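These notes concern the structure reproduced below.
All chains are named by letter (A, B, ...) in the order of the sequence lines, taking the proteins before the strands, and each is independently numbered beginning at 1. None of the values given here were measured: they were computed from a predicted structure.
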There are 4 protein chains.
Amino acid sequence: MLVSAKRAGEQGGRTFTEEARRAQIVRAAIDTVAEHGYPHTSFSKIAQQAGLSSTGMISYYFAGKAELFDEVVATVLRAAEEFVGPRLQREQTYRAKLRVYIESNLAFMAEYPGHTLALAEIVLGTRDRDNVPVGAVNQATASLDVLVDCLDKGLAAGEFADLEPRVMAVAIRGAIDNTLRHHMLTPDVDLEAYGRQLADIFDRATRATA
Amino acid sequence: MLVSAKRAGEQGGRTFTEEARRAQIVRAAIDTVAEHGYPHTSFSKIAQQAGLSSTGMISYYFAGKAELFDEVVATVLRAAEEFVGPRLQREQTYRAKLRVYIESNLAFMAEYPGHTLALAEIVLGTRDRDNVPVGAVNQATASLDVLVDCLDKGLAAGEFADLEPRVMAVAIRGAIDNTLRHHMLTPDVDLEAYGRQLADIFDRATRATA
Amino acid sequence: MLVSAKRAGEQGGRTFTEEARRAQIVRAAIDTVAEHGYPHTSFSKIAQQAGLSSTGMISYYFAGKAELFDEVVATVLRAAEEFVGPRLQREQTYRAKLRVYIESNLAFMAEYPGHTLALAEIVLGTRDRDNVPVGAVNQATASLDVLVDCLDKGLAAGEFADLEPRVMAVAIRGAIDNTLRHHMLTPDVDLEAYGRQLADIFDRATRATA
Amino acid sequence: MLVSAKRAGEQGGRTFTEEARRAQIVRAAIDTVAEHGYPHTSFSKIAQQAGLSSTGMISYYFAGKAELFDEVVATVLRAAEEFVGPRLQREQTYRAKLRVYIESNLAFMAEYPGHTLALAEIVLGTRDRDNVPVGAVNQATASLDVLVDCLDKGLAAGEFADLEPRVMAVAIRGAIDNTLRHHMLTPDVDLEAYGRQLADIFDRATRATA
DNA sequence: CATGAATGAGGATTCATTCAT
DNA sequence: TATGAATGAATCCTCATTCAT
C-alpha cells in the first residue's frame with residue numbers, strides 16, 4: 001500500500017499539491033514582476049499570469065502579499081545559491097572564487113533574467129508602514145555575507161591586499177546588480193563578456209599595490 | 001499688445017508663480033518618497049506634506065503622475081550635478097576626477113539623503129504599462145555619461161589602463177548606489193570613510209597591471 | 001429489506017454519527033460566537049474551533065449558514081429549558097415560579113455564559129434578505145410563552161394584580177437579557193445577588209397596589 | 001461682506017457641505033441598518049440608499065466603518081436625548097420623571113423606529129477583534145447613567161423605596177429595549193399604551209412595600 | 001488661479017459554497 | 001463518509017483624475 005501522493009511530499013506541514021500550487025503562484029509572481037515591475041504587480045495580474053480564475057486562490061495559499069513575496073525572494077535566492085554555490089566550491093583559491101562569484105552571478109542573470117530583476121524590484125519596493133525594509137531584505141542582505149566571507153578568508157590567506165571586506169562586498173554586489181539593470185535597458189550587451197570584464201576590475205582592485 | 005507681467009518670467013511657458021508651486025510640490029514629493037517609499041507615495045500624502053488642502057492642485061500643475069516624478073528626478077539630478085560638477089572641474093587629472101566623483105557622490109548622499117533615496121525609489125518604480133522605463137530613467141542613465149566621459153578621456157590621456165569605460169562606469173555607479181542602500185539599512189556607517197575606501201578600490205582597479 | 005444499523009438510530013432522518021458530528025459543530029459554533037461575536041464568526045473559525053480540517057465538513061452536514069445557526073439557537077434554548085424547567089415545576093405558587101424563573105435564568109447565564117451570549121448575538125444577527133427574523137428567532141420568542149403562561153395562570157389564580165401578562169413578560173425578559181449584557185461588559189457583578197434583586201423588583205411590580 | 005456659506009457652518013473643522021454629506025450618509029446608514037440589519041449593512045448598500053454612485057464617497061467622508069457607525073450611534077443618542085431630555089425636565093418629582101422617561105423613550109421609538117433599531121443592532125454588532133465592544137457602546141451605556149442618576153436622586157429624596165439604582169436601571173432599560181424588539185416583530189401593538197403599562201410596572205416596583 | 005467634491009476603477013482579502021475524489 | 005481545493009462574489013478601502021465653481 002502506497003502512502004498517498006499528497007502526504008508523501010509534505011514540506012513544512014504542506015501537502016504536495018499545496019506546494020505545487022504555491023510554486024506555480026510564485027513562478028507567476030516572478031514573471032509578473034519581471035514583466036510589469038513590482039509597483040504594477042497586483043494579485044489579479046499574478047492570477048492571470050498563473051491562469052487562475054480569481055485572486056481569491058492566491059489569498060487561499062498565501063496569508064498575504066508579504067508572505068507571497070517573501071517566498072518569491074526566498075525562491076530566487078535559493079535558485080541563485082544553487083547556481084552559484086557549486087561553481088564557487090569548485091575553485092581552490094579565494095581569488096578564483098571571487099572571479100567565479102562575479103561571473104556566475106552574471107551568468108545566472110543571463111539564464112534567469114526574470115528572477116534577478118524581480119528580486120531587485122521586490123527588495124526595493126517592500127517596506128512596512130515605517131518605510132523599513134521587511135523580512136525579504138534581510139534574506140537578500142544575508143546573501144551578501146557569502147561574499148564577505150569569501151573576501152574575509154582570502155584576506156586572511158594573504159590572497160587579497162588592503163581591503164575592507166564589507167566595503168568591497170557592497171561595491172561588488174552593487175556593480176553586479178547595476179550591470180543587470182543596464183542589461184535590462186540595453187539587452188544587446190554580452191553578459192558573459194561583461195562578467196569577465198567585471199571580474200577583471202575587482203581582481204585588479206584586490207591586488208596588492210606595487 | 002503688451003506682454004503681461006506674468007508671462008515675463010516664463011520658464012518653458014510657465015509663470016513665476018506656477019514654477020514656485022511646482023517646485024513646492026516637487027520638494028514635497030521628494031520628502032514623501034524618502035519618508036514613505038515610492039510605493040506608498042500617493043498624491044494625497046504629497047499634498048499633505050506640501051500643506052495643500054487637496055490633491056486637485058497637484059493634478060492642476062502636473063499633467064499626471066509621470067510628469068511629476070519626471071520633474072522630481074530631473075530636480076534631484078540637477079542638484080547632484082550642481083554638487084558634484086564643480087568639485088570635478090577643480091581637479092586636474094582624470095584619475096583625481098574619478099576619485100572626487102566617487103567621494104563627492106557619497107558626500108552628496110550624506111548631505112541630501114532624501115534626494116538620493118527618492119531617486120533610487122522612483123527610477124525603479126516608474127514604468128509605463130509595458131514596463132518600459134519612462135523619461136525619468138533616461139535622464140538618470142544620462143547621468144552615467146558624465147562618468148563614462150571622464151573614463152574615456154582619462155584612458156585617452158593614458159591615465160587609466162585596461163578598462164572598458166562603460167563597464168567600469170556601470171560598476172562604479174552600482175557600487176556607489178549600493179553603498180547608499182546599505183547606508184540606509186545601517187545608518188551608522190561613516191559615509192566619508194566609505195567614500196575614501198570606495199575611491200581606493202576603483203583607483204586600484206584602473207591602474208596598469210604590473 | 002433490512003433496516004440498516006445506521007438508520008436504526010435516526011433522528012429526523014439522520015444517523016447517530018451524523019448527529020454526533022452536527023452536535024460537535026454546533027458546540028464549536030456556540031463557543032466561536034461567544035468568543036468572537038456573531039459578525040466575526042465564519043465557517044473557517046468554527047471548523048478550527050471544532051478541530052476540523054476544512055469548512056467543507058460544515059457545509060456537508062448543514063444545508064447552509066441558516067440551518068446551522070437555527071440548530072445552535074434550538075440547542076441553547078433546549079439547554080435553558082432543561083435548566084429552568086425543573087426548577088419552575090418544583091415551586092407551588094406562580095409568584096414563587098416567577099421568582100425562580102428570573103433567578104434561574106440568571107443562574108443559567110452564570111453557568112453557561114457562552115450559550116446565552118451566543119443566543120443573543122445570533123437572534124439579533126440572523127435575518128433573511130428582507131430583514132425578517134428567521135426560524136431561529138421564532139423559537140426564541142416562543143420561549144417567552146413559558147413566562148406569559150406563568151403570568152396568565154398566576155393572574156387567574158389571583159396571585160398577581162393589575163398586569164398585562166405579555167407586557168410584563170416582555171419587560172422581565174428584557175430586564176434579564178440586559179442584565180446579562182451588563183454582566184458581559186462588567187464581569188465583576190455577582191449574578192446571584194443581581195438575580196435576587198431583579199426578582200424582588202418584579203415581585204413588587206406584580207403586587208396589588210395598596 | 002458675508003462669511004462664505006461653507007466656512008460659516010463649520011463643526012470640528014468641517015465645512016457646511018462636508019457636514020451635510022456626512023449627515024446624509026449617516027441618515028442612509030441608519031435606514032439601511034434598520035431595513036437590512038447591521039450584519040447585512042455594507043458600504044455599497046448605504047451608498048445605494050443615499051443615492052451615491054460609489055462606496056468610495058463614504059470612505060472619502062469617513063475614515064472607516066468604525067467612524068461612520070460611531071457617528072451613527074452619536075446621532076441617534078443625540079436625537080433621543082433631545083426628545084427625552086426636555087420632557088424629563090418638565091416634571092417635578094423623580095417618580096414623575098421615571099414615568100416620563102419610560103413613556104417618552106417608547107414614544108421616541110414610535111416616532112423614530114429606525115433610529116432605535118439601528119442603535120440596538122450596532123451596539124450589539126460592533127466589537128473589536130477581541131470581541132470587546134468599542135467606543136460606540138461606551139456612549140450607549142453612558143445613556144444609562146441618566147436613568148441611574150434619576151433613581152439615585154429619587155431615592156435620596158425618599159420618593160423610591162428599597163432599590164439598587166443600577167440594577168433597577170438595567171432592568172428598566174432592558175424592558176424598554178425589549179419592548180421595541182417585540183414591537184418590531186409584531187408592529188401592530190400600541191406603543192403608547194405599552195409605554196403607560198411599562199411605566200406602571202416600574203412605578204409599582206419602586207413603591208415602598210406595605 | 002485655486003478648490004475640493006465626486007468619481008469609478010482597482011487594491012487585497014474573506015466568505016460560504018461546490019465538487020471531484 | 002469525508003476531504004480540501006477551487007470558486008467568485010462581496011467586503012472595505014485607496015487611488016489618480018476630473019470638473020463645476
Side-chain angles (χ1 to χ4, degrees), chain A residues 4-7 14-18 20-22 39-47 52-68, chain B residues 6 15 17-18 20-21 39-47 52-69, chain C residues 6 15 17-18 20-21 39-47 52-68, chain D residues 4-6 14-18 20-22 39-47 52-68:
Chain A
S4 88
K6 273 182 186 177
R7 296 246 142 236
R14 275 189 279 279
T15 64
F16 187 70
T17 337
E18 274 175 336
R21 269 279 185 235
R22 286 173 65 96
H40 292 114
T41 294
S42 63
F43 272 25
S44 54
K45 279 218 187 74
I46 296 173
L52 302 173
S53 61
S54 82
T55 70
M57 276 243 46
I58 300 177
S59 290
Y60 180 78
Y61 281 101
F62 293 91
K65 221 183 174 187
E67 188 181 306
L68 169 56
Chain B
K6 274 178 186 173
T15 67
T17 334
E18 279 173 338
R21 274 280 189 227
H40 293 121
T41 293
S42 64
F43 273 25
S44 59
K45 280 217 185 74
I46 297 173
L52 302 174
S53 57
S54 92
T55 68
M57 275 238 49
I58 300 176
S59 289
Y60 182 77
Y61 278 103
F62 293 91
K65 218 185 175 189
E67 188 183 308
L68 168 56
F69 284 109
Chain C
K6 272 181 188 173
T15 65
T17 334
E18 278 173 338
R21 274 278 189 230
H40 294 119
T41 294
S42 64
F43 273 25
S44 58
K45 281 218 186 72
I46 296 173
L52 302 175
S53 59
S54 92
T55 67
M57 275 238 49
I58 301 176
S59 289
Y60 182 77
Y61 279 102
F62 293 90
K65 217 184 174 189
E67 189 183 307
L68 168 57
Chain D
S4 90
K6 272 183 185 175
R14 275 189 278 277
T15 63
F16 187 71
T17 338
E18 273 176 336
R21 267 280 185 236
R22 286 172 66 96
H40 293 115
T41 295
S42 64
F43 272 24
S44 55
K45 280 219 186 70
I46 297 173
L52 301 174
S53 60
S54 81
T55 69
M57 277 245 42
I58 300 176
S59 290
Y60 181 78
Y61 281 100
F62 293 90
K65 221 183 175 187
E67 189 182 305
L68 169 56

(request) Can you sort out the partners of A:Arg21 under salt bridge (charged side-chain N to carboxylate O under 4.0 Å, His left out), two or more places apart, ordered by chain and number? (result)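 For A:Arg21, no residue satisfies salt bridge (charged side-chain N to carboxylate O under 4.0 Å, His left out) once neighbours in sequence are set aside.
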(request) Not counting sequence neighbours, which residues clear side chain to side chain donor-acceptor pair (under 3.5 Å) with A:Ser42? List them please. (result)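 Scan of A:Ser42 (side chain to side chain donor-acceptor pair (under 3.5 Å), adjacent residues dropped) gives A:Ser44.
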(message) The criterion is side chain to side chain donor-acceptor pair (under 3.5 Å); which residues satisfy it with B:Ser54, sequence neighbours excluded?
(response)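 Testing B:Ser54 for side chain to side chain donor-acceptor pair (under 3.5 Å), a comparison that skips the adjacent residues, returns none.
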Tell me: [atom1] of [X] to [atom2] of [N], nearest whole Å?
{"X": "C:Ile46", "N": "E:dT14", "atom1": "CD1", "atom2": "P", "result": "17 Å"}
{"X": "A:Ile58", "N": "E:dT14", "atom1": "CD1", "atom2": "C1'", "result": "15 Å"}
{"X": "A:Arg22", "N": "F:dA5", "atom1": "CZ", "atom2": "P", "result": "12 Å"}
{"X": "D:Leu52", "N": "E:dA6", "atom1": "CG", "atom2": "P", "result": "8 Å"}
{"X": "D:Met57", "N": "E:dA6", "atom1": "CE", "atom2": "P", "result": "5 Å"}

(message) Using the P atom as the point on both nucleotides, what is the distance between F:dT21 and E:dC1, in whole Å?
(response)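 Here E:dC1 and F:dT21 have their P atoms 22 Å from each other.
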(request) Mind checking which stems touch DNA chain F? I mean at least 3 consecutive Watson-Crick or G-U pairs, both distances under 3.5 Å. (result)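 Counting only runs of 3 or more consecutive pairs, the stems involving DNA chain F are E:2-21 with F:2-21.
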(message) Please find the pair of heavy atoms, one from A:Phe43 and one from A:Leu68, that lie closest to each other, and give the distance.
(response)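 Where A:Phe43 meets A:Leu68 most closely, the heavy atoms are CE1-CD2, 4.1 Å.
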(request) Kindly give the heavy-atom pair with the smallest separation between A:Ile58 and A:Ala47, and that separation in Å. (result)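 Taking every non-hydrogen atom into account, CD1-N, 3.8 Å.
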(request) Please state whether the phosphate of F:dG4, meaning OP1 or OP2, lies under 4.0 angstrom from any side-chain nitrogen or oxygen of A:Arg21. (result) no
(request) Report, as a single string ordered 5' to 3', how protein heavy atoms within less than 4.0 Å touch nucleotides 15-21 of chain E: B base, S sugar-phosphate only, - not at all. (result) SSBB---
(message) From the set F:dT3, E:dT3, F:dT1, return the single nucleotide nearest to any side-chain atom of C:Glu18.
(response)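 For C:Glu18, the side-chain atoms sit closest to F:dT1.
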(request) Pick base, sugar-phosphate or nothing for D:Ser54, based on heavy-atom distances below 4.0 Å to the nucleic acid. (result) base
(request) If a pair satisfies side chain to side chain donor-acceptor pair (under 3.5 Å) and one of its residues is in residues 56-67 of chain C, list it, with sequence neighbours excluded. (result)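 Pairs touching residues 56-67 of chain C that pass the test: C:Arg22-C:Glu67.
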